There are 2 protein chains.
Amino acid sequence: MTPTPALVQRSTRAAEIVAVARRILEEEGADALTMRRLASAVGMQAPSLYKHFGTKRAVEAALVEHGLFELGTVLHTAVAGGARRGGGPVRRLLTAYRTVALANPALYRLATAGPLPREDLPAGLEDWAGEPFFLAAGDPWRAQALFAFAHGMVVLELDDRFLPESDVRPTWEAAARAFS
Amino acid sequence: MTPTPALVQRSTRAAEIVAVARRILEEEGADALTMRRLASAVGMQAPSLYKHFGTKRAVEAALVEHGLFELGTVLHTAVAGGARRGGGPVRRLLTAYRTVALANPALYRLATAGPLPREDLPAGLEDWAGEPFFLAAGDPWRAQALFAFAHGMVVLELDDRFLPESDVRPTWEAAARAFS
DNA sequence: CGTACTTGGCTAACGTTGTTAGCTAACAGT
DNA sequence: ACTGTTAGCTAACAACGTTAGCCAAGTACG
């Protein structure tokens with residue numbers, strides 16, 4: 001319902017840096033995303049990056065922005081996408097959430113773990129990305145609970161925190177039923 | 001039901017290092033826990049720490065061990081503790097979980113976020129700490145869901161990820177009812 | 001009793017990290 | 001034609017985890 005927020009406008013070079021940073025993040029992991037590695041992958045020296053981003057956190061904030069935007073896009077279409085796809089909106093939301101998170105694990109962690117760099121993010125982006133939970137759950141408390149469940153499941157899955165023999169999909173299924 | 005696992009036995013000095021590390025972690029944050037800072041707080045030079053712990057990760061593993069042990073202790077007594085305290089076992093479990101996690105936020109994050117240093121942990125400790133969820137929930141899938149919800153709520157609370165005006169306790173209450 | 005070994009401290013140093021200072025070539029504006 | 005601004009560079013700094021190598025004190029034992 002809230003209009004899609006606009007992404008921060010960036011110069012060609014800055015956009016290229018963010019794109020390369022994202023590739024490094026997903027292909028080589030969060031530890032590989034250093035200023036020197038990023039600079040070399042983009043064809044310059046590390047200090048030159050500071051002509052485009054004031055700090056490494058600013059680069060990460062740009063990545064978080066992309067992550068939240070994509071997550072929000074997927075979740076909104078999942079909730080809105082009619083009864084064509086299986087189940088109710090809650091089920092579609094949960095499926096979409098898990099899919100996009102597991103598809104970009106490093107970006108998901110960056111965007112959802114640790115404190116948010118709110119001052120470097122477009123206003124409203126965070127709320128907009130979380131809105132599908134309210135749309136699907138009905139009231140704010142169920143939305144909170146649904147969000148907490150989904151986030152908890154995903155990070156525990158990513159961290160390999162469940163018992164090895166335990167299958168995780170029945171739990172998602174059960175939650176979808178419980179919250180519908 | 002599973003017997004309480006034994007903690008790793010450590011020399012006096014090593015135990016002191018872990019205790020100091022924990023104090024630094026909670027009082028000054030995870031970033032302040034550096035080998036030099038830790039060494040100086042314990043009265044030695046950084047390289048001397050390596051006479052007691054092979055790596056920084058090993059120090060952190062010792063902290064994780066403490067964290068899981070305390071969490072497990074609290075959760076087990078919460079679930080077992082008769083009908084004296086309010087509500088059913090699920091409600092007591094959730095209250096205890098939130099309380100201990102918010103009381104030691106940095107330790108909680110260290111113990112539950114990111115991959116576990118399983119090879120440096122006493123065998124069975126992880127399972128034992130998670131067992132109360134199975135005891136309270138009944139079957140494994142509900143246990144998984146309950147754990148994911150509790151963990152998700154706590155990390156989102158710690159990361160200040162909920163909307164500022166949103167009260168979080170009704171959500172815990174509702175979950176306690178839903179899982180009972 | 002002396003000797004060998006272990007324990008636990010030290011200093012110096014290495015490589016990597018984020019970041020700053022200061023220089024410079026290219027380009028735009030008046 | 002001068003003057004900024006933009007975007008690159010090299011050199012360097014402090015802090016990080018960690019390793020190497022030295023040395024004093026204690027301990028085991030023949």
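All values derive from a computational prediction rather than experimental measurement. Below, read A as the first sequence line, B as the second, and so on, with proteins coming before strands; counting in each chain starts at 1. Just so it is clear, the values below take in all heavy atoms, side chains as well, and ignore hydrogens, waters and symmetry mates.
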Extract from the structure each pairing of a protein N or O with an N or O of nucleotides 8-12 of chain C at less than 3.5 Å, listing the distance.
| from | atom 1 | to | atom 2 | distance (Å) |
| --- | --- | --- | --- | --- |
| C:dG9 | OP1 | B:R13 | NE | 2.8 |
| C:dG9 | OP1 | B:R13 | NH2 | 3.4 |
| C:dG9 | OP2 | B:H52 | NE2 | 2.4 |
| C:dG9 | O6 | B:K51 | NZ | 3.0 |
| C:dC10 | OP2 | B:Q45 | N | 2.7 |
| C:dC10 | OP2 | B:S48 | OG | 2.8 |

Of the options A:D120, A:L7, A:V18, which is the one that meets A:E65 in a side-chain contact (heavy atoms from CB on, under 4.5 Å)? A:L7

Taking only side-chain N and O atoms of A:T34, does any of them lie within less than 4.0 angstrom of OP1 or OP2 on C:dT16? no

May I ask you to say whether B:R22 pairs ionically with B:E27, meaning some side-chain N is under 4.0 Å from a carboxylate O? no

Nucleotides bounding contact with chain A, strand DNA chain D, heavy-atom threshold 4.0 Å: D:dA7 to D:dA12

Less than 6.0 Å separating the ring centroids of A:F149 and A:W172? yes

Quick test of your reading of the model: are A:R23 and A:E28 salt-bridged, counting only N-O distances below 4.0 Å? no

Residues A:D159, A:R109: salt bridge by 4.0 Å N-O rule: yes

Hey, are the side chains of B:R118 and B:E126 touching, using non-hydrogen atoms and a 4.5 Å cut-off? yes

Check whether A:R142 reaches the backbone of A:A137 with its side chain - one donor and one acceptor, N or O, closer than 3.5 Å. yes

Is the closest basic N to carboxylate O distance between B:E16 and B:R13 below 4.0 Å? yes

